[in-house]
Amino acid sequence: MQASNKIRLSWRALFRDPIRPFGVASLFLLMAFAIAPAKDHFSEWRHYQNAYLRLIHDRSDAGTLQRHFRPGIQQIWLPEAGVVDRCKTCHEGMAEAGLVDVKTQPFGKHPPIPHSLTEFGCVVCHRGQGVATTVAEAHDSTLAPEEPLLPARYMEASCGQCHHEALSGTPKLNQGRVMLARYGCVHCHTVKLPDGSTMMPSDEPPPLTHIAEKTSREWIYAWLKNPQSYSATATMPNFLLSDDDARDISAFLIANSAASGAAHAVLVAATATRTADPSAGASLYGESFCASCHATQNAAGDVVGGDLGPELTGIGTKVKPEWLRSWLRNPHEYAPGTSMPQYRWTDQQLDLLTGFLAAKSNSDFTANVHLDPATPEQIAHGRKLVAEYGCAVCHEIRGIRKPDNFAPELSRIGSKPLAQLVFTSGMNQTLPDYLAAKIQHPRDFGPGLRMPQYTFTSPQVDALSTALLSLTDRSFTMPQQWQVASPKRSNYQPAGHAGKLMADLNCQACHRMNGRGGDMAPDLSAEGSSVHRQWLNQFLANPNTLRPALIRRMPRFNLTDTERAELTDYIMTAYQIPGIDPDAVSDSGSSPALVEQGRQIFYSKYACQGCHMVDPKQDKGYVGPPLTTVGSRLTAAWIDAWLKNPQALRPGTIEPNRDMSDDDARALTAFLMAQKGSGKQEAKR
Amino acid sequence: MPGRIDRYLDRMTHSRAWLSIFRSGNGPNTLHRSLAIQQSLFLHILPTKVRRRMLGLDATWYLGTLTLGTFLVLVITGVLLMFYYHPSVPQAYADMKDLRFVVSSGLFLRNLHRWSAHAMVFLAFAHMFRVFYRGAYRPPREFNWVIGVVLLLITLLLSYTGYLLPWDQLAFWAITVGSNISSAVPVVGAKFHFLMLGGNQVNANALLRFYVLHCVILPLAAVLFVAVHFWRIRKDGGLYVKQSEPARADATAAAAVSVAEPVAAADVLTGQP
Amino acid sequence: MSEPKDFVAGISSDARKAPKRVVFVTRRTSAQVRSVDEEQVQTYPEGLLRAALAVELLVIALVLISVFFDAPLEGIANPTVTPNPAKAPWYFLGLQEMLHYFPPVVAGVLIPTLLVIALVVIPYFNINIEGGGLFLKNRRRNLNIFYAAAAGLSLFLWFFDVYVALIPTLIVTAFMLLAAFSSPHSPLRFRRYLAARPVSWWIMTWFLFELIVLTVVGTFFRGPGWSWVLPWRG
Amino acid sequence: MAEDNKSRTAEPEDEISRRAFFTKLGLGSIGLAAAGTMSFAYQYMSPNVLYEPSPVVNAGKVDRYSIDSVTLDPVSAIYLIRVQEGFFALTAICTHLGCMTAWKPELGMIACPCHGSRFNREGQKLAGPAPKPLPWLHTWLSDDGDIMVDRSTVIPAMQFLRI
Amino acid sequence: MTRHLSVTGALALALLAGCSRHKAAAPALHATAAGSAIVVSSGDKQLGNPGTPLPQPIVVQVNDDQGNGVTGALVRFSAPAGVRFDPAAALTDSSGQVTTNVTLGDASGRYQLTAVSQDKKGKDLAVQAGAVAAGYQQQLGYELQKNYCSRCHDPESTPDQVSNYDNLAVKPHAFSEGDTFNKLSDADLAALVSHGGPAMNLSALMPAYGSTLSEADIRAVIAYIRLVSDPPYEPPGMVYAKR
């Protein structure tokens with residue numbers, strides 16, 4: 001009652017005579033109106049600009065800096081890219097070379113990059129909200145399409161928006177892309193690239209159509225339970241299957257397996273040799289250079305060898321000897337698409353190798369796996385699981401068709417709005433952290449998820465996240481003039497009978513030809529115009545190495561003379577490049593004086609002995625191939641052209657381009673062509 | 001010093017120019033003051049006299065006045081905002097960002113517009129209920145009540161159409177949800193929905209239509225009806241007096257009256273006693 | 001033209017006639033002129049000054065609010081991503097809450113239309129011109145109607161599980177019952193007050209109560225998927 | 001009620017003067033507020049950022065232009081003129097009423113289609129209503145050898161960019 | 001009234017909860033022993049990237065007078081803003097060592113990481129470990145030199161990449177030799193790389209890369225050399241703020 005009475009009294013006081021409150025209220029109104037512009041005037045960016053002016057005020061280069069300083073809101077406007085960046089409003093010193101020593105943000109100088117800052121703006125690489133003029137809004141706004149700033153560790157992702165080829169400045173991004181292809185991510189997840197192409201996997205999941213011939217159900221079970229426990233380098237991820245599920249899947253795979261066309265000799269001989277002579281097998285394994293592609297665990301316990309094929313440490317436990325033998329004889333019968341070459345081993349060699357490999361077993365892998373005979377229910381359930389887990393996406397399985405877009409498409413994962421992400425409790429709510437967590441612990445994001453568990457190191461996770469973060473909306477809407485042509489993908493296949501032969505030998509697993517093939521061995525696209533026919537023929541017969549420094553070497557295939565002739569002809573004719581004219585430079589018979597002059601500049605002017613050796617007694621150059629027999633190997637025309645511009649003939653070769661004068665080139669060529677002494681002996685042999 | 005100001009003001013208010021504009025001139029007497037109302041286009045829709053006790057707070061709570069006040073604020077801020085607004089997709093949203101980040105006090109004006117809009121809706125509702133509970137809708141004021149209801153609807157429509165203009169998620173989905181309700185009307189619903197959006201979904205057409213409605217048609221309608229509303233207050237016998245409260249009315253009156261005849265602002269300016 | 005008639009029907013528009021105070025004559029009152037000539041003051045300056053004052057206070061409040069609270073602005077409109085929940089402006093949330101229970105035709109069209117019509121026609125009913133209490137005159141009939149209406153409405157709401165609307169209805173009903181069993185001579189002032197309420201008052205109060213409850217619920221108590229959430233929980 | 005009593009017992013004239021004071025206060029501050037609002041509106045109306053092409057134009061490499069050639073860039077409305085002494089840039093906007101002028105090689109002069117103003121190659125007016133010669137624009141060579149023209153800065157005539 | 005209380009209580013609780021979530025209360029560490037010397041046993045002078053963990057953790061050891069590891073000595077790590085240690089402080093293990101993982105700040109350049117322990121008298125024992133974060137340019141330089149230069153300039157020989165260092169009559173300088181490279185200005189280095197050793201009256205064994213590498217590439221290589229040079233490279237004529 002009292003209170004209400006008071007109120008009434010005060011209201012009366014107020015409304016008895018309006019003049020007085022009117023006056024007072026007007027005064028307050030005036031004040032209120034004064035607040036708004038004041039608030040606008042004391043804005044964050046003005047504060048930073050003043051701080052910048054204080055910073056540069058007493059530097060020795062203050063004059064220049066003050067001349068460059070532009071007060072007020074600075075903006076980079078790129079209509080075609082939809083970029084409105086006002087970052088420079090606070091980051092005033094961004095382009096000031098003089099401020100390279102300033103570490104305090106926002107005034108530091110931008111580190112050198114290959115692009116002009118004003119031409120591309122800031123948000124294209126750094127993300128964040130370019131239009132904002134307040135720190136919080138600009139850096140961590142999360143409203144699509146505004147994204148929070150991209151952390152520095154993932155910055156290479158921004159390069160990947162335009163550059164789809166491998167850049168030397170972005171190792172992390174390159175690694176991530178390779179991993180996406182190698183670890184089968186792109187088997188399940190479609191990744192479309194702005195140029196319309198789709199990311200292709202680079203791994204070779206074996207077909208499971210005839211798996212019963214290859215291995216035992218116990219091994220399958222143990223493998224399914226944990227592939228990495230079989231070999232640490234296994235690329236197949238762990239699906240965290242329950243014992244029963246693993247049991248049923250293995251049951252189904254065995255039951256589902258059909259007979260392949262491969263003829264399985266009964267391996268009496270092999271079983272004999274297995275006990276007989278492991279060292280012979282080992283030496284054969286060695287001189288066939290299996291280690292170029294296959295790794296094995298050595299006594300010290302570290303895995304050595306190539307990663308093109310599977311690790312062979314426990315191969316004996318994995319595969320059945322008869323299968324192994326037939327596989328070694330001709331892999332294409334079992335897996336037509338494999339990149340394992342068909343060595344032309346003799347039966348005796350096959351036995352040796354089979355025995356040697358079959359002995360490589362870690363029997364404790366399957367030791368405590370005991371499976372009862374499969375029941376029809378288990379097999380049926382196994383089939384269901386196989387379909388459920390999408391095994392058929394990677395592996396060819398009889399009677400199960402490959403499901404299309406089995407997992408979410410990732411073409412634009414890099415700019416997925418936070419609102420659409422479901423985070424686990426307690427994790428940082430940012431896209432990079434989400435991706436990293438998803439890669440490391442996929443199953444934490446809810447029950448019933450099928451994404452398997454990989455075993456990646458944290459640098460690998462970083463690389464993968466970087467590659468994924470480069471798949472943004474923006475990359476699809478880049479202005480025409482920014483788009484970088486992605487590297488041509490060629491599916492060149494050698495033609496004809498020789499082509500078939502090369503397919504059997506899988507030359508392209510290691511050699512690149514006309515844009516397709518591995519990068520383990522030299523590109524052969526220009527081989528025909530570079531080497532002598534005779535040398536090539538000899539080489540195919542007995543591929544001695546050109547570079548003693550390398551571990552990986554060309555294996556020796558037991559080619560028949562006709563096969564060699566055929567192959568040589570094909571290479572010599574098919575792999576010519578224009579501009580190398582064999583007749584332009586005389587292949588032999590140059591004056592000794594010229595040769596001597598060549599020797600002079602070889603040693604003095606160009607100091608080639610630093611990397612090459614001509615005279616093994618005095619030269620030790622170890623970087624480039626030895627040139628002791630170069631005369632019998634390479635054509636003069638090629639040497640001449642090579643000396644003048646190596647990169648033109650083999651892009652990326654580390655032989656520096658010395659812009660050699662024609663005279664020098666001719667002299668050196670003459671000198672090098674003279675180095676064929678041992679070549680002659682070889683020819684004789 | 002104040003004396004001089006007074007003299008200047010005095011001279012001003014008696015200059016021919018001043019008198020040619022404010023014909024009534026001004027003075028303390030009733031005639032001048034009645035003329036001041038009658039001869040002004042804007043004021044003449046008000047009665048020249050008003051019952052003193054209606055000026056007390058508890059009679060009307062000034063809700064109508066306040067609603068009008070918000071409307072004026074909205075008109076002013078709205079006009080200013082229009083200078084920076086393009087009713088096109090996606091430019092509209094970019095303009096919001098510019099208002100927020102680069103236009104001097106753009107953020108403030110937008111806030112003022114937005115909050116005033118909410119205030120207006122609230123006040124309009126409050127006004128309606130207040131009028132009802134006072135019984136001020138009774139004859140002869142029933143038509144004015146109807147106009148009031150129309151004004152309430154216009155207010156809602158104004159706020160609703162304005163809601164889409166920022167073109168953010170909030171706007172888009174509020175309008176999507178809202179407009180789909182209309183398509184539930186049995187016969188004409190779909191057609192109406194189609195016309196309202198200028199299509200089947202909320203897109204650039206819809207934005208433009210809502211813009212025109214919000215900035216031209218509805219405000220004009222509002223002004224018109226407000227004028228009628230006020231006019232009818234006067235014509236229906238001034239602000240409603242509750243017959244049932246003479247006793248309290250007197251009290252209020254006694255409280256509201258001050259002994260001295262109040263001095264009008266203008267009189268003070270002219271310095272006349 | 002024809003010569004003027006001596007009697008002209010229609011409304012006299014003689015400017016010299018002073019405007020008459022309009023008096024309303026109800027059925028049970030005889031027309032007698034009560035001229036309470038209470039004191040009047042000039043609108044200018046008295047009224048205008050007060051109006052200006054009120055508006056000034058309003059503007060001050062609005063300006064302060066606008067300085068300290070920013071208007072919401074979310075991400076750019078994206079037809080492919082629906083925020084959860086997608087809410088209409090607050091003054092429509094009562095309606096949206098209804099839409100949660102009833103088909104659009106009912107909640108989106110029927111109810112609003114009826115509301116508007118009801119509001120429009122209120123003044124054209126003479127039911128409460130005298131402002132007589134609902135249950136004072138022919139009590140039995142009104143009671144029956146009231147029982148029927150209350151029960152019907154409650155059942156209807158209960159049938160659709162509209163508890164949000166049902167509870168206020170029941171509360172109002174309770175008060176109406178209290179009113180029904182009170183008289184102008186009740187000892188309690190509050191009961192006397194209730195007893196004197198006319199039917200329109202009850203209806204409007206019910207409507208206001210529902211409006212407030214539904215709007216508050218729709219605004220604060222509805223979360224993703226229009227599920228029930230408590231605003232003070234997270 | 002204290003308020004009331006005071007005001008009731010107050011002397012009429014000082015009551016009046018107090019009212020006068022409050023009135024002046026009220027109207028005065030409203031007037032000020034209005035004035036402030038005007039300046040506020042002015043500030044608001046003048047944009048802080050512009051969505052306009054930058055005044056600096058990259059006119060490309062030197063060898064694009066032969067000696068004694070007059071090249072009109074219609075997009076940026078400038079003439080790029082190379083003479084023996086070097087380069088200079090003129091605005092192509094007529095100083096009369098802002099029409100876009102055109103270079104007439106056969107006449108060897110710049111002509112405005114609207115009202116027939118004529119300028120010579122250095123921008124001096126030869127005929128017509130144009131009040132001023134065509135202004136010369138600031139021109140310089142960028143680091144990578146491109147000719148840059150700043151349309152926003154006018155330089156005195158006959159300052160050639162030497163190559 | 002009670003409601004008010006409950007509400008405020010709830011607020012307070014929420015506040016507390018929020019705070020506690022933000023700062024994970026680290027268990028208080030109490031040194032049970034003290035050494036007389038502290039050394040970096042591994043992880044010094046690493047090359048990393050901005051905002052990224054260093055490839056190897058940093059291991060420091062606290063020794064007593066005899067040079068044996070001291071167990072239970074408290075070691076605290078500190079560094080410029082932006083650098084994160086995990087853990088930032090720990091007690092030495094049985095071998096007297098503390099291992100911490102370091103995440104560099106977001107700026108490229110040189111970072112000084114400090115490990116501090118206390119001896120018996122409570123005097124600070126500090127040791128510095130250096131780390132460099134390669135920005136884009138330095139990263140590019142690193143990749144380029146790995147391909148073109150390291151075969152000769154890096155004495156380290158690995159199976160994958162046999163070093164040619166020993167085969168050279170005139171020994172190249174490892175890029176970390178600050179004493180050698182800091183004497184040369186950027187221009188000199190650029191000339192040396194692009195025109196070869198003879199151009200600078202140096203060994204002809206250094207070939208000219210001017211036609212092989214672009215100027216930007218060469219700048220990048222130089223930036224890398226400056227980054228890894230030890231002692232650190234001080235650019236000449238650098239303008240520092242007087243304050």
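Throughout, protein chains are lettered first and strands after them, A, B, ... in sequence-line order, and every chain is numbered starting at 1.
Proximity to chain C involves both the backbone and the side chain of B:Thr70, based on heavy atoms less than 4.5 angstrom apart. With a threshold of 4.5 angstrom between heavy atoms, B:Leu66 approaches chain C through its backbone and through its side chain. For B:Leu170, the parts lying near chain C are the backbone and the side chain together; criterion is any non-hydrogen pair under 4.5 Å. Neither the backbone nor the side chain of C:Glu56 comes within less than 4.5 Å of any heavy atom in chain B. Looking at B:Val185, the atoms closer than 4.5 Å to chain C (heavy atoms on both sides) sit in the backbone and in the side chain alike. With a 4.5 angstrom heavy-atom cutoff, C:Val59 touches chain B only via side-chain atoms. For chain B, the nearby part of C:Leu99 is the side chain; its heavy atoms alone come within less than 4.5 Å. Both the backbone and the side chain of B:Leu112 come within less than 4.5 Å of a heavy atom of chain C. Only the side chain of B:Ala119 comes within less than 4.5 Å of a heavy atom in chain C; its backbone stays farther off.
Counting only N and O atoms by type, the side chains of B:Gln38 and B:Thr48 include no donor and acceptor under 3.5 Å apart. In summary, the side chains of B:Tyr133 and C:Thr205 do present a donor paired with an acceptor at a separation below 3.5 Å, with no hydrogens or angles considered. In this structure, a donor-acceptor pair under 3.5 Å is present between the side chains of B:His113 and B:Thr77.
Looking at residues two or more places apart in sequence or on another chain, you find a side chain to side chain donor-acceptor pair (under 3.5 Å) between B:Asn144 and B:His229.
When the candidates B:Ser105, B:Pro166, B:Ser182, B:Ala174 are compared by the number of heavy-atom contacts under 4.5 Å with chain C, B:Ala174 comes out ahead. Annotation: maximal heavy-atom pairing with chain B below 4.5 Å, among C:Ala88, C:Ala86, C:Pro89, occurs at C:Pro89. Put simply, of B:Ser34, B:Gly148, B:Ala92, the one with the most heavy-atom pairs under 4.5 Å next to chain C is B:Ser34. Ranked by heavy-atom pairs under 4.5 Å with chain C, the first of B:Phe125, B:Phe172, B:Phe122, B:Phe143 is B:Phe172. Chain C forms more heavy-atom pairs under 4.5 Å with one residue of B:Leu68, B:Val121, B:Leu123, B:Val177 than with any other, namely B:Val121. Highest contact tally toward chain B, considering only C:Pro112, C:Pro83, C:Ala61, is held by C:Pro83 [criterion: heavy-atom pairs under 4.5 Å]. Heavy-atom pairs under 4.5 Å with chain C were tallied for B:Ser116, B:Gly178, B:Ser183; the largest tally goes to B:Ser116. Note on C:Pro72, C:Gly47, C:Ala51: by heavy-atom pairs under 4.5 Å with chain B, the leading option is C:Pro72.
Enclosure of atom OH in C:Tyr101 by more than 12 non-hydrogen atoms of other residues, nucleotides or ligands within 6.0 angstrom is indicated. Shown here is C:Phe207, whose CZ atom has more than 12 heavy atoms of other residues, nucleotides or ligands within 6.0 Å.
Judged by distance alone, the side chain of C:Ser183 and the main-chain N or O of C:His185 form a donor-acceptor pair under 3.5 Å. Formation of a donor-acceptor pair under 3.5 Å by the B:Trp173 side chain with backbone atoms of C:Val81 is found in this model.
C:Pro104 has its side chain out of reach of C:Met98: every pair of non-hydrogen atoms, C-beta onward, lies at least 4.5 Å apart. Between C:Leu153 and C:Trp206 there is a side-chain heavy-atom pair separated by less than 4.5 Å.
The line from OG1 of B:Thr155 to CG of B:Leu74 is 9.5 Å long, rounded to the nearest 0.5 Å. To the nearest 0.5 Å, the span separating CG on B:Leu165 from CZ on B:Arg110 amounts to 10.5 Å.
Aromatic pair B:Tyr93/B:Trp167: ring centres not closer than 6.0 Å.
Proximity to chain B at a heavy-atom threshold of 4.5 Å picks out nothing from residues 214-228 of chain C.
Ring geometry for C:Trp201 against C:Tyr193 counts as perpendicular: the plane angle is over 60°, on a 0 to 90° scale with 30° as the lower cut.
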